[in-house]
Amino acid sequence: MAGHALHSLQRPGGRGGGLAVVDPATGEAFDEAPDRRPDELDALVEQAHAAWRDWRADPAARRTALLAAADAVDAAAADLAPLLTREQGKPLTESYAEVARTAARLRYFAELDAGPQPITDGRPVRSELRWRPLGPVAAIVPWNFPLQLASAKFAPALAAGNTMLLKPSPFTPLATRLLGSVLSGVLPEGVLTIVTGREPLGARLASHPGIRHVTFTGSTATGRAVVASAAASLARVTLELGGNDAAILLNDVDVEASADRLFWAAFRNCGQVCIAVKRVYAPARLHARVVEALADRAKTAVVGPGLDPHSQLGPVSNAPQLARVESYIARALADGARAAAGGRRLDRPGYFFAPTILADVPADSPVVTQEQFGPVLPVLPYETVEEAVEAANGTGFGLGGSVWGTDLDRAAAVADRLECGTAWINHHAELSLAQPFAGVGESGVGVAGGPWGLYGNLSPFVVHRPEEASRGGTR
C-alpha cells in the first residue's frame, strides 16, 4: 500500500496552515492535516450533489463499488491500523479490529436491499412504496473510534444511494484521511469526501443548505448544537450521543466469573466507548468483593503505548479528555470516595492515567452522574433491586445497560426495566451489524445499524395507480 503513504496525504491547507495531530502516547505533535475553511464547503457540497446524480441511479454498480471498497480497506489494514493507534492511542490489536469492522460494515450494507413494497388496503388501487435517497449527507464523527464510526455513517448512506461529506475529529483526522484515499480508488469522485478542520467547520457543514441529512456521534451538548445548525435547512438529523451505562449486579451473581468481562466492558479503549460500563451497582453484601475483584484487574492491566504489543490499555486519547477525567476523579476523592485502584496520572510522557476503581462514591458525584469517558469506574452499593434500577435510570442518559446474575429469567426481567436502547445480560457493549442501535433521553435521536440504518438514509415515495386502465377519454 505504498501508494497511500502518510506523507502523500499531509498537505497544509485551509486557514493558512495545518491541523497539528498529537500522539497521545508522547504528548507531542507528529503530523498535520489540512485545516479547511468553512467557505470551502460550498464547492465540496456541489461536487457531492453532482456525484449523487449518477450514484443514486445504479444500485448494482453501488453494490459492486461498496464490495470493492471493503476489499480495499482490508488490503490497507497494515497502513491504517498503526496510523490509527498513533493518533488515537488504542492498542494495535484494537486498531486492526476497527479496520476489520469497517470493511465488514461495508459488506453488510452493500448486500441490503430497500426494494419496492406493495401496500394492500382493500381499495381498487395498486399502491407501491418505493425508497429514494436523500442527497448529500453530512457526517461528523468523534475521536474514540474514528474509522468504525465513520463507516457506521458512510456505509448505510452510500448503500442507500446518497453521497457524503465526512468530518473527523480534529484530534484524529489522519487515519480517516488515509481511509478516504484508499476508497478514492474504488468510489467515484465526490461520493465520499473527507473534510478536516477546526470549528466552525462542523457547524457550517451541519447548516449547509445543500445537505439533506446530518448524522452526528459525540457529546449531548454538541448534539444540541448540531440540531440547531441543521434546523436552518430542515435537514434530517440522526444523533448518537453520550452514554452513562449502568451494570446492575444481582445478589446471585458469580463475582469472580463475571469480573473479567465486567472490567473490560468498562475499560476497553481506555474507557472511551459510548456504551462502556460507566457505573456498577452491586448488592451491599457483595460490594466489597466486587470492588476487590475489579481493583485486582485494574492493578494488573498493562498500560502503555498502543504500538507496544504488551499494552492492554493505551493512553487517554487527548489532553482535554485527560483533564476532564482527572477533574471528575479529583472531585470524587475530595468528596470522600476511595480509590481502590489507580486514582492518579502515571508519571511518564503522554496522557496515561492508571485504571481507577472508586468505592464510597457519593451518588451525586459527577463521576457517577455524568459520562466520564475514561479509565475510571465507580462501584456503588444498593439494598434493593428497585433502588438499583431507579439509580440506573436516573441520569437522563439511556444508551445501554446490563444486568448480571445466575438466574437468567430474573436478570432478563430486571433488564426489561432499564430505560435504554440496548440491554445485555451477563455481558455488555457487544453489538451486531444487523441490530438497531439507538438511545433514549439525552443519548440520541434516530436509529443506526441494521436495516434501520439503511432506511434512515432514505425517504419514502408512494405511487398509486388504478388496478385497471381507465376506459374512454379522447383519442
Side-chain angles (χ1 to χ4, degrees), residues 242-267 271 273-295 297-298 328-329 332 335-341 355-408 410-429 440-443:
N244 191 357
D245 290 15
I248 297 176
L249 279 55
L250 300 180
N251 57 12
D252 64 345
V253 67
D254 187 329
V255 174
E256 281 303 319
S258 303
D260 273 340
R261 279 172 289 154
L262 188 58
F263 178 84
W264 289 109
F267 286 91
V273 182
C274 59
I275 53 171
V277 172
K278 297 184 176 73
R279 299 170 285 155
V280 172
Y281 293 94
R285 69 177 184 84
L286 297 177
H287 180 261
R289 286 178 55 197
V290 172
V291 169
E292 181 181 9
L294 293 172
R297 285 152 179 82
Y328 280 168
I329 293 173
D335 288 344
R338 172 176 61 89
T356 298
I357 304 296
L358 294 179
D360 305 326
V361 188
D364 61 352
S365 176
V367 80
V368 175
T369 62
Q370 301 300 313
E371 181 181 36
Q372 326 99 348
F373 221 65
V376 54
L377 183 63
V379 184
L380 298 97
Y382 71 85
E383 296 295 337
T384 67
V385 172
E386 288 69 23
E387 174 190 336
V389 170
E390 182 178 357
N393 292 336
T395 66
F397 294 100
L399 205 54
S402 57
V403 181
W404 303 66
T406 303
D407 185 335
L408 297 184
R410 180 184 177 220
V414 175
D416 196 49
R417 297 166 60 189
L418 296 178
E419 296 171 4
C420 57
T422 306
W424 296 268
I425 298 170
N426 289 342
H427 64 126
H428 197 109
V440 300
E442 296 185 9
S443 287

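Nothing here was measured: the structure is a model prediction, and the numbers come from that model.
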For this session: Provide the closest heavy-atom pair for Ile248 versus Ala392 in the form atom of the first, atom of the second, distance.
Result: CD1-CB, 4.0 Å
Exercise. Can you name the closest pair of heavy atoms from Ala266 and Ala276 and give their distance?
Worked result: O-CB, 3.9 Å
Exercise. Short question: side chain of Arg297, backbone of Ala293 - any donor-acceptor pair under 3.5 Å?
Worked result: yes
Seminar exercise, completed: Between Val253 and Ser258, the two heavy atoms sitting closest are CG2-OG, 3.7 Å
Exercise. What pairs of residues pass the side-chain hydrogen bond (donor to acceptor under 3.5 Å, both in side chains) test when at least one of them lies in residues 273-282, not counting sequence neighbours?
Worked result: Asn244-Arg279, Arg279-Tyr281
Exercise. What are the two closest non-hydrogen atoms of Ala339 and Leu358, and how far apart are they?
Worked result: CA-CD2, 3.9 Å
For this session: Taking the side chain as every heavy atom from C-beta outward, state whether Ile275 and Thr422 have any atom pair closer than 4.5 Å.
Result: no
Exercise. Do Leu380 and Tyr382 come within less than 4.5 Å of each other through their side chains, counting heavy atoms only?
Worked result: no
For this session: Indicate yes or no for a side-chain donor-acceptor contact from Thr384 to the backbone of Glu387 under 3.5 Å, with no hydrogens or angles considered.
Result: yes
Exercise. Less than 4.5 Å apart, any side-chain heavy atom of Leu262 and any of Leu249?
Worked result: yes
Problem set entry | Contact summary for Ala412 and Ile425, nearest pair of heavy atoms | CA-CD1, 3.4 Å
Problem set entry | Atom of Leu250, atom of Leu286 and distance for their closest heavy-atom approach | O-CD1, 4.1 Å
Problem set entry | Rounded distance [0.5 Å steps], CD1 in Ile357 versus CZ in Phe267 | 4.0 Å
Which atom pairs, one a donor and one an acceptor, fall under 3.5 Å between side chains of residues 399-407 and the rest of the protein, sequence neighbours left out?
from   : atom 1 : to     : atom 2 : distance (Å)
Ser402 : OG     : Trp404 : NE1    : 2.8
Ser402 : OG     : His428 : ND1    : 2.7
Thr406 : OG1    : Asp252 : O      : 2.5
Asp407 : OD1    : Asp409 : N      : 3.2
Asp407 : OD1    : Arg410 : N      : 3.1

Exercise. Arg289: what forms a salt bridge (charged side-chain N to carboxylate O under 4.0 Å, His left out) with it, not counting sequence neighbours?
Worked result: none
For this session: Check for a donor-acceptor pair, side chain of Glu371 on one end and backbone N or O of Gly243 on the other, with a separation under 3.5 Å.
Result: yes
Problem set entry | Separation of Leu294 CG from Thr356 OG1 (nearest 0.5 Å) | 12.5 Å
Exercise. Has the side chain of Asn393 got a donor or acceptor atom that lies under 3.5 Å from a matching backbone atom of Arg417?
Worked result: yes
Exercise. For Val379, does its backbone N or O pair with a side-chain atom of His287 as donor and acceptor, under 3.5 Å?
Worked result: yes
For this session: Check step by step if side chain to side chain contact (heavy atoms under 4.5 Å, CB included) holds for Trp424 and Asp245.
Result: CA-CA 11 Å; Trp424 296 268; Asp245 290 15; 4.2 Å; yes
Problem set entry | Side-chain heavy atoms of Leu408 within contact of Asn426, under 4.5 Å | yes
